Amino acid sequence: DLLDLPVMCDLQAQQTLQLLSDLLPPSFITAPDLYPILNAKMMSLSIQFGNTSVSAVGYVSHGLVLSAMSGDVNMGYRFGRLALNLIERYNSKQYKGKTLLVFGNWIQHRHELLRTVVVLLKDGYTACMDAGDFLNAGFNISCYFDASLLAGVELNAWEPEILLHSKDLERAKQYSTQAYLEMKRQIALNLMARGSQQDCLIGTAYDETVMIPKHIQDGDLTALAYSSIYKLMLAYLFGNYTAALENIDRGDRYLQAVSGMILVPVFHFYAALTHLAVLKDRSEPEQAEILVQVNIHQSTIHQWAKNAPMNYLHKWHLIEAQKQQILGNRAAAIEH
């Protein structure tokens, strides 16, 4: 029914929708609680006055709110698909890239294979660049690189591709999203043993000692969430469990800023594995509490795996295998 609403003719309503659409990305980064309020106003305007091309941004953003904030993943996916249908119906070049960004990074990966998300986000980047929407081009390409890493990519190909697009964002003066890309590039360098401190985001691409205070000053909660998750991953992979635990605490503070995004299950995955890695060194009462934390993280991943087992169920099984091995249940551990 929403797809078949009449065309919006009210000029003031159209201008208000456009303004709200522009306010959505910065609100998500710096004031996530404001996002659903702005989105509700967009939905109300379309229902009251009819559809226009920018209505697609409202519908896909409502899909984000439903999927990431309200837990209604299935209805969120339906609203995302509604938005894609509307973009196609209006042949909207101006809002295509922004719509693909929200659908790919917050909705699609909860239902479809990650490799399809990679393709869609790259299309979103191209659409934004063609439309001169450099802000959302930056967000698209940043999310594209996260999706490609998690879908499986060779680091020696991933790093130079990041550098190429980082230079594009620098020329477009999109310094915030460029910093996101340089964070990812530093991860690649560290994993290829080219970083000066392998479990820290310090090197030729990104220096956390300089950039994290800047992100705090800018109120860029998304960057702070990114850095916490990336540092947690690196600390676990390189065996620095003390640093990993610190980044779990930091990540908990900022996780809402990336609610529903592809990196959220990554956080819960490495948080669970970190807790399991330190389990045997703790007292029995501490072990009981640690296992509670492991189960919470594992349960969150299981919720994600219900609709997209191809993307997330293996993470649940890997945690379970590690848990059973540590507890001495070897037979229950290969099983997983």
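Nothing here was measured: the structure is a model prediction, and the numbers come from that model. Positions are given from 1 along the sequence.
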Discussion item. Is it the case that the side chains of Asn240 and Gln198 hold a donor-acceptor pair, with the cut-off being a distance below 3.5 Å and no angle test?
Written reply: no
Discussion item. Asp22 vs Lys98, test: salt bridge (charged side-chain N to carboxylate O under 4.0 Å, His left out). Steps then yes/no.
Written reply: CA-CA 10 Å; Asp22 291 338; Lys98 185 182 292 190; 3.6 Å; yes
Fill in: Side chains of Met42 and Leu24 in contact at under 4.5 Å (non-hydrogen atoms)
yes
Fill in: Beyond-backbone contact of His111 with Asn74, side-chain heavy atoms, under 4.5 angstrom
yes
Worksheet item: Just wondering, do Leu155 and Leu149 contact through their side chains at under 4.5 Å, heavy atoms?
Response: yes
Practice prompt. Show the numbers, then the answer: is there a side-chain contact (heavy atoms from CB on, under 4.5 Å) between Asn105 and Val117?
Written response: CA-CA 8 Å; Asn105 196 45; Val117 180; over 6 Å; no
Item to complete: Measure across Cys128 and Asn140 and return the closest heavy-atom pair with its distance rounded to 0.1 Å.
Response: SG-ND2, 3.6 Å
Item to complete: Only pairs at least two apart or in different chains count here, so list each salt bridge (charged side-chain N to carboxylate O under 4.0 Å, His left out) that has a residue in residues 318-336.
Response: Glu320-Lys323
Worksheet item: Going by distance alone, is a donor N or O of one side chain under 3.5 Å from an acceptor N or O of the other, for Glu208 and Tyr230?
Response: no
Worksheet item: For the hydrophobic clusters of this structure (ILVMFWY residues joined by side-chain heavy atoms under 4.5 Å, transitively), does one cluster hold both Tyr175 and Met211?
Response: no
Worksheet entry | Rounded distance [0.5 Å steps], NZ in Lys231 versus CG in Asp199 | 7.5 Å
Practice prompt. Please say which of His317, Gln325, His314 ends up in a side-chain hydrogen bond (donor to acceptor under 3.5 Å, both in side chains) with His336.
Written response: His317
Worksheet item: So do the side chains of Ile141 and Phe145 get within less than 4.5 Å of each other, counting heavy atoms only?
Response: yes
Item to complete: Check whether any side-chain N or O of Ser44 sits under 3.5 Å from a backbone N or O of Lys41 as a donor-acceptor pair, and report yes or no.
Response: no
Worksheet item: Okay, side chain of Ser142, backbone of Gly138: is any donor-acceptor separation there less than 3.5 Å?
Response: no
Worksheet item: Parallel, tilted or perpendicular: which fits the ring planes of Tyr236 and Tyr241, with parallel below 30° and perpendicular above 60°?
Response: tilted
Item to complete: Locate the shortest heavy-atom distance separating Ala147 from Ile262; write the atom from each residue and the value.
Response: CB-CD1, 3.8 Å
Discussion item. Using 0.5 Å steps for rounding, measure from the CG atom of Asp10 to the CG atom of Leu45.
Written reply: 8.5 Å
Response to the item:
For Arg250 and Ser228 the tightest heavy-atom approach is NH1-OG, 3.2 Å
Fill in: Between Tyr254 and Ser227, a side-chain donor and acceptor under 3.5 Å
no
Practice prompt. Measure from the ring center of Trp304 to the ring center of Phe269 and say whether it is less than 6.0 Å.
Written response: no
Worksheet entry | Nearest heavy-atom neighbours spanning Leu114 and Ala151 | CB-CB, 4.0 Å
Worksheet item: Between Trp106 and Leu101, is there a donor-acceptor pair closer than 3.5 Å when you use the side chain of the first and the backbone of the second?
Response: no
Worksheet entry | Check ion pair Glu182-Arg185 (N to O, under 4.0 angstrom) | yes
Worksheet, complete the sentence: The reported gap from CZ in Arg89 to CG in Leu84 (rounded to nearest 0.5 angstrom) is 13.5 Å
Worksheet item: Given the rule that I, L, V, M, F, W and Y join up when any side-chain heavy atoms are under 4.5 Å apart, are Leu38 and Val57 in one cluster?
Response: yes
Worksheet item: Within the distance-only criterion (no hydrogens, no angle test), does the side chain of Ser21 pair as donor or acceptor with the backbone N or O of Leu17 below 3.5 angstrom?
Response: no
Worksheet item: Just wondering, more than 12 heavy atoms not from Lys122 lying within 6.0 Å of its NZ?
Response: yes
Worksheet item: Ignoring hydrogens and geometry, is there a side-chain-to-backbone donor-acceptor pair from Ser259 to Ala68 under 3.5 Å?
Response: yes
Practice prompt. Take Met233 and Ile187, measure what side-chain contact (heavy atoms from CB on, under 4.5 Å) needs, and give me the verdict at the end.
Written response: CA-CA 9 Å; Met233 179 179 73; Ile187 290 172; 3.8 Å; yes
Item to complete: Would you name the heavy atoms of Pro309 and Lys306 that are closest together and state the gap between them?
Response: CD-O, 4.1 Å
Practice prompt. Hey, can you tell me if His297 and His268 have their rings parallel, tilted or perpendicular (30° and 60° cut-offs)?
Written response: tilted
Worksheet item: Is a side-chain N or O of Asp133 found less than 3.5 angstrom from the main chain of Tyr95, in a donor-acceptor match?
Response: no
Fill in: Modelled atom types, side-chain donor and acceptor of Tyr206 and Lys184, under 3.5 Å
no
Worksheet item: Taking the side chain as C-beta and beyond, is there a heavy-atom pair between Arg115 and Val119 under 4.5 Å?
Response: no
Practice prompt. Taking Gln324 for its side chain and Asn329 for its backbone only, find out whether a donor-acceptor pair lies under 3.5 Å.
Written response: no
Worksheet item: Run the side-chain contact (heavy atoms from CB on, under 4.5 Å) check on Leu64 and Tyr35 step by step: do they pass?
Response: CA-CA 10 Å; Leu64 182 161; Tyr35 191 95; 3.6 Å; yes
Worksheet, complete the sentence: Here the gap from Ile319 atom CD1 to Gln298 atom CD, rounded to the nearest 0.5 Å, amounts to 5.0 Å
Discussion item. Any side-chain to backbone donor/acceptor pair from Gln174 onto Leu169? Under 3.5 Å, distance only.
Written reply: no
Worksheet item: Got a donor-acceptor contact below 3.5 angstrom from the Asp220 side chain to the Ala223 backbone?
Response: yes
Discussion item. Applying a strict under-4.5 Å side-chain criterion to I, L, V, M, F, W and Y, I'd like to know whether Met183 and Leu163 cluster together.
Written reply: no
Practice prompt. Mind listing the closest non-hydrogen atom pair of Gly50 and Ser55 along with its distance?
Written response: O-OG, 4.0 Å
Worksheet entry | Derivation and outcome, side-chain contact (heavy atoms from CB on, under 4.5 Å), residues Tyr144 and Val118 | CA-CA 6 Å; Tyr144 159 80; Val118 172; 3.4 Å; yes
Discussion item. Between the side chains of Lys214 and Asp207, is the shortest nitrogen-to-carboxylate-oxygen separation below 4.0 Å, so that they form an ion pair?
Written reply: no
Worksheet item: With distance as the sole criterion, is a donor-acceptor pair present between the side chains of Gln14 and Gln18 under 3.5 Å?
Response: no
Practice prompt. Measure the CG-CG distance between Leu86 and Leu2 for me, rounded to the nearest 0.5 Å.
Written response: 9.5 Å
Item to complete: Classify the side-chain pair Asn39/His62 by whether it contains a donor and acceptor separated by less than 3.5 Å.
Response: yes
Worksheet item: Is any side-chain heavy atom of Thr30 closer than 4.5 Å to a side-chain heavy atom of Leu221?
Response: no
Worksheet item: Is it true that Leu5 and Leu3 fall in one hydrophobic cluster, defined by side-chain heavy atoms closer than 4.5 Å?
Response: yes
Worksheet item: For the residue pair Tyr226 and Tyr180, does the interplanar ring angle fall in the parallel (under 30°), tilted (30 to 60°) or perpendicular (over 60°) class?
Response: perpendicular
Worksheet item: Taking Ser166 for the side chain and Ile162 for the main chain, is one N or O donor matched with an acceptor at less than 3.5 Å?
Response: no
Worksheet item: Would a hydrophobic clustering, with Ile, Leu, Val, Met, Phe, Trp and Tyr connected at side-chain separations under 4.5 Å, put Tyr59 with Leu23?
Response: no
Discussion item. Using 0.5 Å steps for rounding, measure from the CG atom of Asn295 to the NE2 atom of His275.
Written reply: 11.0 Å
